[in-house]
Structures are given as structure tokens and as C-alpha cells.
Amino acid sequence: VARRGRGVPARRPAGMEAAELRVGFVGAGRMAGGLARGLLRAGKVPASSILASAPSDKNLDAWRESGCRTTHCNLEVLQESTLVFLATKPHVLPGVLQEIRPAVGSHHIVVSLVAGVTLQTLQRLLPAGTKVLRLMPNLPCVVQAGAMVFARGSGAGDGEAALLKSLLSSCGLCEEVPESYINIHTGLSGSGVAYVYLFAEALAEGAVKMGMPGSLASRIAAQTLLGAAKMMLESGEHPAKLRGDVCTPGGTTIHALHQLEKGALRATVMNAVEAATIRARDMAED
Amino acid sequence: AGVLAAHKITASSPDTDLPTVSGLRKMGVNFTVSNKDTVKSSDVLFLAVKPPIIPFILEEVGPDIEARHIVVSCAAGVTISSIEKKLSTFCPTPKVIRCMTNTPVIVREGATVYATGTHADVEDGKLVEQLMASVGFCTEVEEDLIDAVTGLSGSGPAYAFTALDALADGGVKMGLPRRLAVRLGAQALLGAAKMLLESEQHPGQLKDNVCSPGGATIHALHFLESGGFRSLLINAVEASCIRTRELQHLADQEKISPAAIKKTLLDKVKLETPSLSVASASKVSLFTNKSPSS
């Protein structure tokens with residue numbers, strides 16, 4: 001741990017860094033687990049290099065089963081790891097930061113996953129100059145199809161950003177953004193995953209109504225969403241164009257789309273993203 | 001558009017007091033009250049009467065239709081086969097072309113489609129296309145699409161006028177003088193349409209290009225979406241298309257009251273025909289760059 005020294009050199013190949021990296025998780029809940037599982041599945045970090053802490057064993061069993069090391073001591077995570085993910089519940093974080101602060105050094109890279117806690121707050125509660133970054137992932141990180149954005153604090157440089165991006169790209173899409181986008185990302189993609197589940201459920205229900213068995217309908221609904229998303233990502237074409245490509249004149253698709261437009265689906269979805277974003281902003285100020 | 005000399009155009013109407021009649025006369029168009037005279041002095045015959053009147057006009061001029069004539073009907077909902085059926089009692093192989101245009105032909109920005117009948121040749125279609133292309137966009141389609149075209153671009157200008165009126169209201173509400181609001185609204189739609197026609201990009205992409213993150217436009221668009229703007233437009237095109245088909249059904253059954261016929265004949269019947277020698281049609285050079293003569 002001590003060999004890192006002051007300031008991680010920017011030019012070291014990310015792959016080599018990742019292999020030597022010791023990664024710690026303070027808090028072992030669903031989001032932390034998702035990230036860790038993503039890193040492990042992508043083979044970026046060996047399980048033995050991962051240490052997670054939590055107050056009780058409830059969450060830690062799954063980590064041990066994957067081969068990760070666990071502890072009940074947050075300080076130990078700081079002492080053993082270079083890259084430390086903070087993944088506690090928001091109300092618990094201030095206390096945890098106070099606890100680990102003495103062990104935080106200039107070699108540490110602290111990445112907070114805690115919803116609503118700003119870089120300003122994090123930097124205030126940690127030693128001056130600490131390399132802090134703030135990450136907003138989403139649940140599909142666990143299947144390596146996540147959408148993540150991160151913002152860097154004043155102490156974090158290009159090297160840290162590059163390391164994080166390289167590491168997390170194994171879990172899906174990972175982009176650096178200004179901090180102000182993080183709440184929007186919550187509304188779009190953090191919560192967005194739930195909107196997709198709702199849509200998938202409704203699609204399947206429509207099929208069931210028309211006579212298809214539910215489990216088959218569900219699987220087809222999911223595959224439809226997956227396929228459409230894949231085409232969008234791979235073609236780079238505007239979704240409106242892709243939509244038009246599916247609509248034969250007078251055919252089934254355009255009839256169905258008309259129903260969706262009648263229901264003002266677009267506005268409703270915009271409302272949803274807006275509501276979640278505003279809520280994220282409100283919660284951050286609490 | 002300068003494609004035809006005015007003296008080669010003949011128009012007829014039983015009612016000579018219409019403002020349109022004096023307008024045509026001023027342009028130098030030959031005017032007559034006799035539909036038969038019009039047919040005799042023309043090669044291409046545009047039937048511009050109201051749809052229910054078509055069968056009666058065809059009865060009247062049928063005997064004078066010769067093999068050289070190209071009969072072009074612009075009547076909404078009137079099928080080629082119904083016209084051919086009516087004319088076949090007089091002429092064994094009548095050349096019939098059906099078209100659907102729209103009012104902006106007046107400013108040479110019309111949208112026209114045409115479908116060719118059983119006995120109309122490729123050159124006949126091309127001739128009509130050349131004529132109508134001088135006043136806007138013109139293309140050939142299968143006849144079964146014409147009702148949809150009616151719903152979209154036939155009625156379309158009305159949707160646009162409605163939108164422009166409302167946009168101007170919005171401008172006035174926010175403090176603009178009415179004249180300026182109308183002028184700017186119209187120019188905005190004109191410019192947008194021109195961009196779309198000249199661009200390879202999807203309108204969705206062009207829309208995105210205008211919407212800066214968190215800016216004014218995206219806020220406004222959200223309102224449009226909330227109001228179901230898109231579905232309203234889809235509904236409108238659908239309603240117009242369906243109504244056109246209904247009218248066509250009614251016409252096929254020839255369910256028109258004699259009172260309606262009489263009234264229409266006396267009021268707004270107009271028969272307009274340009275004259276072109278069919279023999280030289282292939283050599284006609286159409287000057288689409290000239291400014292209108294009137």
C-alpha cells in the first residue's frame with residue numbers, strides 16, 4: 001500500500017495498474033456488490049485484491065463466496081486498499097468519513113457512490129488535497145451493461161480519471177462529466193432502469209392479453225429492448241430514423257405508434273426523468 | 001411559371017360574375033360559358049369542378065372527347081375507373097389522369113401527385129408532371145395512395161395556417177405586434193421546411209440540433225408533447241384521408257341531391273383547360289424559371 005507514493009503517475013498503463021491495484025469497498029450493499037461483481041466478471045481485478053467492509057455479515061456472505069476478503073472494520077479497508085469505493089447509505093456517510101479520515105493518505109483514490117453527497121461535502125469531510133471522485137453507476141453494472149458517470153474533485157487529476165474510466169469500462173459505459181450532470185444521470189439512467197422494467201412488463205402484458213403465455217412474453221419483451229438498444233448503440237443512428245425504418249406504410253408498427261402518441265408517452269417519460277432529477281437535487285440538499 | 005402562354009388556356013364557367021373569372025380574364029386566359037367550347041379548343045383538360053358535379057360534367061362533354069384529349073381530374077375522391085366508365089360510352093379509350101394538388105400552387109410551391117389511367121401513356125403522365133412541376137413538387141403515385149396524400153398535403157396547408165395563427169397568438173401574448181408575429185411565424189415554418197427538404201437528416205435530428213440542453217426550446221417541446229401534439233397531427237391526416245374515402249363511396253353510389261347539383265352548377269362551377277398540341281408535346285420546352293405573367 002505504501003509503495004504508491006504521492007501522486008499516481010499518469011503514464012503508467014492502466015492494465016498493469018489495475019492488476020496491482022488493491023480495491024476496497026466501504027459498505028457492501030447492492031450497488032457496491034454490483035460494481036465488484038462487474039469488475040470480477042471482467043477479470044479486471046482478482047477477488048483476492050478486493051476487500052469489503054460492512055457492519056454485519058448479512059451482506060458480506062455473498063462477497064466471500066466470490067472470493068473477496070471481508071471485514072467489519074472500515075479503517076482496515078483504508079489501510080489495505082488504494083482505490084476505495086464509498087458505498088454507504090447517505091445518512092451513515094458523515095460518521096463513516098469521520099471514522100476513516102485519519103487513515104486517508106495522499107496515495108488514496110476515494111470514489112464515492114453515495115447518492116446526493118456532493119464533492120464539496122466529501123472534500124470538506126476528508127483531508128485537504130485527497131483525490132476524490134464521485135460516481136453514479138446504475139444496477140446493470142452487475143451484468144457488465146451499466147451506464148456510469150463520474151466527476152472529479154479538485155484533488156483528482158487526469159491519471160485518476162483515466163484509471164477509473166478504464167476500470168469501470170469493464171462494467172459498461174463510463175463517462176466523465178461535470179458534477180451537475182450526475183443528478184440528471186440519476187433521472188435518466190439510475191432510475192431509468194426501473195422505467196424500462198415497467199415498459200417491459202407492459203409489453204408482456206399486452207402480449208398476454210392477446211394470448212401469449214406470460215413467461216415467453218416476458219423473455220421476448222426483454223430481448224426486444226436489448227436488441228433495439230444494441231442497434232441504437234452500434235449504428236449510431238438517430239432513434240427517430242431507426243423508428244422510421246421499422247414503420248412500413250399503413251403497417252402494424254405505425255398503428256401501434258399512433259396509440260403511444262395518443263397516450264402522450266413521450267411527455268410522460270420526459271416528466272419521469274424530470275421528476276427523478278429534481279428529487280435527486282432536492283435530496284442532495286437535505 | 002411561364003410554361004404556357006395565357007392565350008393557350010381556356011376556362012369555362014356558367015357563372016361569369018365570380019371574382020376568379022375576372023382574375024383569369026386579366027391574365028389573358030380565354031373565357032367562355034360553354035364547357036363544350038373549352039373541350040373543343042383544348043388537348044389537356046383539367047376538370048376542376050366539385051366532386052359531385054364530375055359525373056354530370058362528363059355526361060355533358062363526353063360526346064366531344066376525342067382520342068387526343070387527356071382528361072385530368074383534380075376532384076377529391078373521384079376514381080379513375082369511375083371517370084373511365086362514364087367516358088367509355090362516348091370514347092373507347094379515354095385518357096384519364098387523376099391528380100391531387102394543393103392550394104400553394106398559387107405561389108408555385110404546390111404538392112401534387114398523379115396517377116395514370118388505363119389508356120394514358122407514359123408521355124401523357126410526363127406531360128402532366130411537367131405542367132404541375134412548374135408550380136411545385138409533382139410526382140407519380142399509385143392511385144390507392146391518393147386519399148392519403150389528400151389527408152397529408154391536400155389538407156396540409158390548413159393545418160399549417162391553423163398552427164401559424166396560434167403561433168402568432170403566442171407571439172402576441174408575449175408582446176409582439178400581430179403583423180410581425182405572423183410574419184415571423186410564417187418565416188420560421190418556411191425556413192424549417194426548407195431546411196428539411198434540403199437536408200439528408202431526419203426531422204428528429206434537426207429538432208435535436210435546435211434544442212440546447214436545459215434551454216428554451218426543449219422546455220417548449222415538452223409542452224407540445226404533453227398536449228399530444230404529434231398524435232393530433234396523425235389524427236388529422238387520418239381523419240382527412242378517411243373522410244375522402246367516405247366521400248368517394250358516396251360519389252360512387254351517386255347519392256347527390258338534385259338541389260345540391262343545381263345550386264353548385266349555378267354558383268361555383270368552373271372548368272379550366274390549358275391547350276397544348278399533343279403532337280408536339282415531346283418537344284415542348286417548359287420555361288420553369290420565368291416569373292408568372294400576372
Side-chain angles (χ1 to χ4, degrees), chain A residues 149 151 175-189 192 195 199 228 231-233 235-278 280-281, chain B residues 100 113 115 139-153 159 163 192 195-197 199-242 244-245:
Chain A
V149 298
E175 299 283 350
E176 182 175 0
V177 298
E179 192 178 10
S180 60
Y181 291 8
I182 289 190
N183 292 325
I184 306 171
H185 179 75
T186 303
L188 166 60
S189 181
Y195 319 157
F199 190 64
M231 280 187 76
M232 205 170 136
L233 287 169
S235 73
E237 297 204 276
H238 196 282
K241 164 137 198 326
L242 291 169
R243 170 174 50 90
D245 289 345
V246 187
C247 293
T248 28
T252 61
T253 311
I254 191 70
H255 272 75
L257 281 176
H258 192 184
Q259 288 300 319
L260 293 178
E261 297 289 5
K262 280 182 187 171
L265 177 66
R266 291 173 185 260
T268 309
V269 172
M270 287 176 79
N271 290 346
V273 174
E274 190 174 334
T277 303
I278 290 174
R281 287 179 188 155
Chain B
M100 167 52 55
V113 300
T139 190
E140 185 173 6
V141 296
E142 293 296 317
E143 191 182 6
D144 60 0
L145 294 184
I146 291 191
D147 295 331
V149 172
T150 307
L152 173 57
S153 56
Y159 316 154
M195 276 180 79
L196 179 56
L197 288 171
S199 164
E200 301 275 299
Q201 292 185 310
H202 194 282
Q205 180 64 61
L206 292 170
K207 163 185 58 82
D208 284 359
N209 295 345
V210 187
C211 292
S212 26
T217 311
I218 189 70
H219 273 74
L221 276 179
H222 193 180
F223 264 99
L224 288 181
E225 297 291 2
S226 298
F229 185 58
R230 292 174 184 256
S231 76
L232 286 178
L233 291 171
I234 298 173
N235 292 347
V237 174
E238 188 175 40
S240 173
C241 176
I242 289 174
T244 305
R245 289 180 190 149

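Just so it is clear: chains get the letters A, B, ... in the order the sequence lines come, proteins before strands, and each one is counted from 1. Fair warning: this is a prediction, and the values are worked out from it, not measured in the lab.
Of the listed residues (B:His222, B:Glu225, B:Glu238), the greatest number of heavy-atom pairs within a distance under 4.5 Å of chain A belongs to B:His222. When the candidates A:Lys241, A:Gln259, A:Glu237 are compared by the number of heavy-atom contacts under 4.5 Å with chain B, A:Lys241 comes out ahead. With respect to chain B, the highest number of heavy-atom pairs below 4.5 Å among A:Ile254, A:Asn271, A:Thr268, A:Ile184 belongs to A:Asn271.
Within 6.0 Å of the CZ atom in B:Phe229, the count of heavy atoms belonging to other residues, nucleotides or ligands does not exceed 12. Counting non-hydrogen atoms of neighbouring residues, nucleotides and ligands closer than 6.0 angstrom, the OH atom of B:Tyr159 exceeds 12 such neighbours.
Contacts of B:Ile218 with chain A are made by both backbone and side-chain atoms, with heavy-atom separations under 4.5 Å. Heavy atoms of A:Glu274 lying under 4.5 Å from chain B belong exclusively to its side chain.
With contacts defined as side-chain heavy-atom distances shorter than 4.5 Å, the pair B:Asn235/A:His258 qualifies. Inter-residue side-chain proximity for B:Arg230 and A:Arg266 is flagged as met; some heavy-atom pair is nearer than 4.5 Å.
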Side chain to side chain contact (heavy atoms under 4.5 Å, CB included) between A:Lys262 and B:Ile234, worked out: CA-CA 9 Å; A:Lys262 280 182 187 171; B:Ile234 298 173; over 6 Å; no
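The two residues A:Ala264 and B:Ser226 make their nearest non-hydrogen contact at CB-O, 4.2 Å.
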